[in-house]
Amino acid sequence: MSSPWRSEFSFIFLALLVGAFLGKVLNSFVIALWFCLLAYLARHLFYANRLLVWLHSGRSGQPPQGDGVWEEIYYLIFRLRRRNKRRKKQLIRMLERFRTATAALPDATVVLGPRDEIDWFNEAAERLLGLRRGDIGQQIGNLLRYPKFSHYMQNADYRSTVSIPSPLADNIQLEIRIVPYGEDLRLLVAQDVTQLRFMERVRSDFVANVSHELRTPLTVLKGYLETLSNADKPMSESYLKVFRRMEEQTIRMESLVDGLLSLTRLESAAHQVVQKRVDVPAMLKNICNEAELLTEERPTIELVLETDADLLGAEQELHSAFSNLILNAVKYTPPAGRVVVRWRDDGKGTRLDVEDTGPGIAQHHIPRLTERFYRVAVDGCKNKGGSGLGLAIVKHALSRHGAELKIMSALGRGSCFSCCFPEERVVRGASQVDAKLAQGL
Ligand code: ADP
């Protein structure tokens, strides 16, 4: 038996002993027993009252004095209170640290509830998003009134980010990302990307300017080289070889400059996609005809038009993407091989597959193929004067049309480059054009 109960039972035993003595004196054991019970009850009420007074006082100091089970009860409650106090202190310290850390964060952080209402935000959110304490409980959409942001919230596709200006200053550019966590809770993180955007613009302006400036001297050089190699006076074979090499390299530099200029144009954020119906079957026929005329020694080119669907978009950008893929297939496939260009409709969008029986590409190169200047040495091809910009252009042009480039290839088994266009871009009949344009595509 534990000691509190032992002392409690000894107390009861003592009370019974006193009762027996009183019963003998008063000559009535019933009255004596009543007295004893009342005394025992009074003792418990006394200690219960002491406990209540102590708890009400809110003092966490030493517990009141008690005996029997009450001493143990007081001590256990005292220990529990002390432990809770310690935990509370730890929590407060942790909360303080969290507050200091979030306050030091340069990014605005807002906790959103299930109905997009603001639950909490840090100091950077006041500075960047202009939120005030009184905005707690308000829906974030009421405070950040930008169509792009509303669309992003409605779409609920949080893999991407959205860029909006700060509500406090138009010249501050914010990139917003939503991170879902817990049950129905989301964290909105807004990063100030003004400097980053500025640097990107400087870089792309620089590339565009350099490429533009290189064009004129290159054209002049190319012209002179052509004149010299076609001169009336026949040249020695070794000189002719040198001129041919120089001509090849100027052509290559020209294609690099053109590629860089196209990429800069595609990357420029202000440059919106022109909305026009593009006759894809006719465009593919033209590109295949051009590819056939390029060289005598080339693989067979087969065009399969499974649908006559068109696309809404920018004709020049789509032409550049499709011709890059088709010309690559022709370039890298040996003359005995075959290139199949297939335009098809899978009900959820349209797709252009450019399939070849060329050398194929090793798996580890595939994720990097769309990087600028990334080239893979192809056996027996010596990269055929490629710039490594073609697939980067394809990727940019497609992403501006909401389309995706998929690459499937295996060494020695050929490659298949697919452009997958979303349903919103597809036009199947004349009446669809106006409807899709009205949707604001
Ligand atoms: P390039 O101007 O060098 O062709 P691209 O960006 O168009 O640049 O292509 C990048 C690399 O991808 C090429 O160097 C080539 O190795 C590889 N590649 C592209 N298309 C094919 C293809 N159809 N078959 C095999 N390799 C290809």
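Please read all numbers here as calculations on a predicted model, not as lab measurements. Just follow the structure's listing: the first ligand is 1, and inside any ligand the first atom is 1.
- Side-chain polar atoms of Asp345 and Thr350 form no donor-acceptor pair below 3.5 angstrom.
- Heavy-atom proximity to Ser415, at under 4.0 Å, picks out these atoms of ligand 1: 24 (N).
- Closest heavy-atom approach to atom 22 (C) of ligand 1 among the candidates Phe373, Tyr374, Tyr332: Tyr332.
- Residue pairs that meet the ring pair (Phe, Tyr, Trp, His ring centres under 6.0 Å) test with at least one member in residues 101-134, sequence neighbours left out, are Phe98-Trp120.
- Within a 6.0 Å radius of CZ in Arg298, more than 12 heavy atoms belonging to other residues, nucleotides or ligands are found.
- Of the possible polar contacts, one joining the Lys148 side chain to the Ser163 backbone as a donor-acceptor pair under 3.5 Å is found.
- Of the polar atoms of Pro359, none of the N or O atoms is found under 3.5 Å from an N or O of ligand 1, judged by distance alone.
- Taking a 4.0 Å cut-off on heavy atoms, Lys331 registers as neighbouring ligand 1.
- In this comparison of Val330, Leu389, Leu391, the heavy atom closest to atom 9 (O) of ligand 1 sits on Leu391.
- Geometrically, ligand 1 and Gly388 share a nitrogen or oxygen pair separated by less than 3.5 Å.
- Of all atoms in ligand 1, numbered sequentially from 1 with element shown, those under 4.0 Å from a heavy atom of Ile361 are 25 (C), 26 (N), 27 (C).
- Under 4.0 angstrom from ligand 1, the non-hydrogen atoms of Asp356 all belong to its side chain.
- Heavy-atom contacts of Val376 reach the following atoms of ligand 1: 14 (O), 16 (O) (cutoff under 4.0 Å).
- Under the ring pair (Phe, Tyr, Trp, His ring centres under 6.0 Å) criterion, the residue pairs touching residues 340-368 are His365-Tyr374, with sequence neighbours excluded.
- At most 12 heavy atoms of other shown residues, nucleotides or ligands fall within 6.0 angstrom of atom OH in Tyr224.
- The distance criterion of under 3.5 Å between nitrogen or oxygen atoms is not met by Leu369 with respect to ligand 1.
- Ring planes of Tyr47 and Trp70: tilted class, angle from 30 to 60°.
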